[in-house]
Structures are given as structure tokens and as C-alpha cells.
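Numbering of residues begins at 1 and proceeds along the displayed sequence. Computed from heavy atoms alone, side chains included, the values below leave out hydrogens, waters and symmetry copies.
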Amino acid sequence: MPFSADDHRHMARALQLAARGLATTTPNPRVGCVIVRDGAVLAEGWHRKAGEPHAEALALQAAGADARGATVYASLEPCSHHGRTPPCADALIAAGVARVVAAMEDPNPRVAGEGIRRLAAAGIATETGLLESEARELNVGFVSRMTRGRPWMRVKIAASLDGKTSLANGVSQWITGAAARRDGHRWRARSCAVLTGIGTLKDDDPRLTVRDVPAERQPLRVVVDSRLRVGLDARILEGGGVVVATATDDPAKARALAAAGAEVWVLPDANGKVELAALARELAQRGINEVLVEAGINLHSALVAAGIVDEFVIYLAPHLLGDAGRGMIRLPGIERLEERLQLEVRDLRAFGSDLRLIARVGRR
């Protein structure tokens, strides 16, 4: 049976509510819920942060006894397991709702259809798949962590129109204008972690915190530093919440960094570098859904070579820096166009005088 126009409208509202948790729900997914009876909206809810009530629980609380016989629109399948909060599927059954429409099945193996099966077994009409692609986009990182065992890796680059990210001497502040930089902070705010390299630390000494937009939390900051060269006075260490990924086992330096507020993860590969795929897996184990990479050409290139970059967010400023400037990414030489790194452009818009292009890495 096809979904009605009202079904679409109410699910679109559930997704709109879910997006309110864009920067706060980690490591949980972003979820919204709308409860409707006889065409009238009874209640709404959205999940704000881990440990707090889920969207369905909040909506049921607001609807009270009126929820009996109602239709529930949820942007994600109601959970069926006990975590920090009780199962939403059980709460919906207890409330006596008549129908549940979920945008998508929960990719979490602990749920994975069990919530829908439990509702159906209780005699509740269940349907999934309404605005599913929009729901997946909203939780692209959570889906990645649950299905691939690694976060969604998003590389942010600010460059001139000729593709240069800095002068030859490393100076890069500021290539783009204030509007583009503010948008970059929005990407930081929604990310669970911001990843950079030791080269960027040495050149710019960034803090990598969210500053230009409101933020209830700061993302985990991760530094790839194979030889453990990060200085104890680096600004990124201020306030803690830092991981230094290294290939060097130096207990004394690790203790000093711990005292400065950083964890040290020793993840060497066969070449004495940080094994980036292993780092991605460790971040997933930590509950990291989305990673924003703000680094330089060396780390960008290594991440692409490791096959763990999913998306580029590229800001292009209307000027040229010339051949001597540093580029965006270094790729192995190719002899046929078929070997190029294929990208799919998903969005293009202006921020002040700069252009922002979002492109996803094609699967080869």
C-alpha cells in the first residue's frame, strides 16, 4: 500500500525534528517522532543526547492516553533493547498505538528489524521505507559505524581556484572568507571527532574547537603523529578531549601527554606510520560516527590511499596562488583516465564570495 501525502508530511516533520540533534546525539543516531490521530498531530519528540529519553518516549509522554489508537512516525525503527533507556518498541506497545511508520530499519545489529517485529507481533500495523534515503543521510555516520565498523570520514579543504591550500611556506590563514569559515565550524559542530596531522599542528598550531557557531559539546580532537613530535604546549591540548595516534611507543612522552589531557594510541603499520584503517576502527569502537578531517596534503593523501575517505567538503576561494603553493591531495601517477579518483558532486553553493562543493568518493 503506497504512503499517502499525509504520511510524507508527517515523516518529513519527524526528520526535521531529528535534525535538531545534529550536533548533540553522538554516539546515538538522530531521531525524531510525530504522533498523529484522526489527521491531527498529538505530540512530537526528538532525541537530544545520549542518556536522555528517545524521541518516541518523549512524544508518548507528551501525548499521554491520547496515543492509544494513534499513528506514530519515527525517522528510525524504534529500539528493542535495553541501553541507558528502556526499549521504545515496548513503550509503543504499552501505549496502545495502532500503527508505526519508520523511515528506515535500525542498522544497529542489536535492533536490525527486531523493533518492527516486536511491534507487529503485538498486532500493531508496521511499515518502513518512507523517506528512507533522507533518513540515511541524516545518520550517515551512524550507519557507517554500524555496517562498516568505521566512521564516516569527511575531508574539509579550503583552497584557491587553482587548487592550492597554502603558500609554499605553509601560510594558509585565511584563504577563504568569514562566511565559509563559519560554515566550516558547523561541520565541526556536527562531527564526533576532528582529525588532523602533525604537519598542520607545526604550521598553524590550531585548537580545532567549535567557536563560530553555538555548540553544547566539543568534538574529540585527534592528531596523527607517527613520531610523537607534538609539543606539550600545543594549543590543541587545551581543555583535554584529545587523542594522539602514533607509531612510536614512548611511555615517558605518553605520560607527559596524559598529564596534559591527551590519550596516546600506538597504532603502527609495517612502515613505521600510523595504520589509518586501524585508527578508524578504534574511533568506531569509541562511538565516533562522523570524522571531519582538517589537515594537509600528506594526511589527505594517506587517508585516500587507505581507502577510508567518504566525502570531500571543498571551499574554493576566488583567487590563484600559483604553482609553488601546496596542493589538496597527492595521488599516484595514472596513465589512463579510467584510473582517476571518481567523485560524485552532491551539493554546490556560495558562502560569501567562496564556493562550497560537496563530493563523495565513488566506489571502485
Side-chain angles (χ1 to χ4, degrees), residues 1-25 28-108 111-140 142-143 190 216:
M1 179 176 168
F3 293 109
S4 69
D6 280 346
D7 288 335
H8 280 83
R9 177 166 58 87
H10 295 312
M11 186 61 79
R13 176 57 179 167
L15 288 165
Q16 187 179 53
L17 291 166
R20 293 183 180 180
L22 196 68
T24 60
T25 64
N28 290 354
R30 300 136 181 163
V31 184
C33 178
V34 177
I35 300 179
V36 178
R37 193 175 66 188
D38 299 328
V41 174
L42 300 178
E44 299 178 337
W46 58 281
H47 182 49
R48 198 178 77 85
K49 63 188 298 186
E52 295 189 3
H54 289 186
E56 300 94 326
L58 289 170
L60 286 172
Q61 182 182 41
D66 290 340
R68 184 164 297 277
T71 294
V72 176
Y73 298 88
S75 61
L76 185 69
E77 173 188 3
C79 64
S80 57
H81 65 286
H82 282 270
R84 298 189 195 180
T85 57
C88 290
D90 291 354
L92 291 166
I93 293 169
V97 303
R99 179 182 178 225
V100 173
V101 182
M104 62 176 285
E105 186 176 292
D106 192 334
N108 186 342
V111 183
E114 179 57 32
I116 293 296
R117 287 189 290 271
R118 189 176 297 185
L119 292 168
I124 297 172
T126 59
E127 296 166 86
T128 60
L130 176 59
L131 301 183
E132 181 173 0
S133 60
E134 291 85 348
R136 285 186 172 274
E137 279 299 308
L138 187 62
N139 283 306
V140 65
F142 181 76
V143 172
R190 72 170 283 172
E216 290 188 34

Lys49/Glu216 ion pair, N-O < 4.0 Å:
no
One should read off an interatomic distance between His54 NE2 and His47 NE2, to the nearest 0.5 angstrom, of 5.0 Å
The residue among Ile35, Val34, Leu119, Val101 that forms side-chain contact (heavy atoms from CB on, under 4.5 Å) with Val72 is Ile35
key: Side-chain touch Pro107/Leu76, heavy atoms, less than 4.5 angstrom   = yes
Taking every heavy atom of Arg20 against every heavy atom of Thr24, the minimum-distance pair comes out as O-OG1, 4.5 Å
### Side chains of Arg99 and Asp7 in contact at under 4.5 Å (non-hydrogen atoms)
yes
Is the side chain of Ser75 donor-acceptor paired with the backbone N or O of Gly32 at a distance under 3.5 Å, no angle test? yes
In short, Ala59 meets Ala43 closest at the heavy-atom pair O-CB, 3.3 Å
Closest non-hydrogen atoms of Ala102 and Met11, given as atom of the first, atom of the second and distance, are C-CE, 3.8 Å
Here the gap from Glu44 atom CD to Gln16 atom CD, rounded to the nearest 0.5 Å, amounts to 8.5 Å
Heavy atoms of Leu131 and Ala12 approach each other most closely as CD1-N, 3.7 Å
Is the backbone N or O of Asn108 less than 3.5 Å from a side-chain atom of Asp106, with the two atoms forming a donor-acceptor pair by type?
yes
Taken to the nearest 0.5 Å, the spacing of Leu58 CG from Glu52 CD works out to 8.5 Å
| Any donor-acceptor pair under 3.5 Å from Glu77 side chain to Glu105 backbone | no
Original post:
Regarding Thr25 and Asn28, is there a side-chain donor-to-acceptor distance under 3.5 Å anywhere?
Top reply: no
- Would you check if the side chain of Thr128 reaches a backbone N or O of Ala103 as a donor-acceptor pair within less than 3.5 Å? no
The reported gap from CG in Leu15 to CG in Asn139 (rounded to nearest 0.5 angstrom) is 9.5 Å
- Do the ring planes of Phe3 and His8 sit parallel (below 30°), tilted (30 to 60°) or perpendicular (above 60°)? perpendicular
In short, Cys33 meets Leu17 closest at the heavy-atom pair O-CD1, 3.6 Å
Taken to the nearest 0.5 Å, the spacing of Glu127 CD from Tyr73 OH works out to 8.5 Å
ask   = Do the side chain of Arg30 and the main chain of Leu22 share a donor and acceptor less than 3.5 angstrom apart?
value = yes
Rounded to the nearest 0.5 Å, the NE2 atom of His10 sits from the OG1 atom of Thr71 at a distance of 8.5 Å
- Query: Near Gln61 CD, under 6.0 Å, is it more than 12 heavy atoms from other residues, nucleotides or ligands?
  - Reply: no
Taken in chain and number order and not counting sequence neighbours, the residues that satisfy side chain to side chain donor-acceptor pair (under 3.5 Å) with Glu114 are Arg117
Under 3.5 Å, is there a donor-acceptor pair between the side chain of Arg37 and the main chain of Arg68? yes
message: Using side chain to side chain contact (heavy atoms under 4.5 Å, CB included), reason through Val97 and Leu60 one step at a time and then give a plain yes or no.
response: CA-CA 10 Å; Val97 303; Leu60 286 172; 4.3 Å; yes
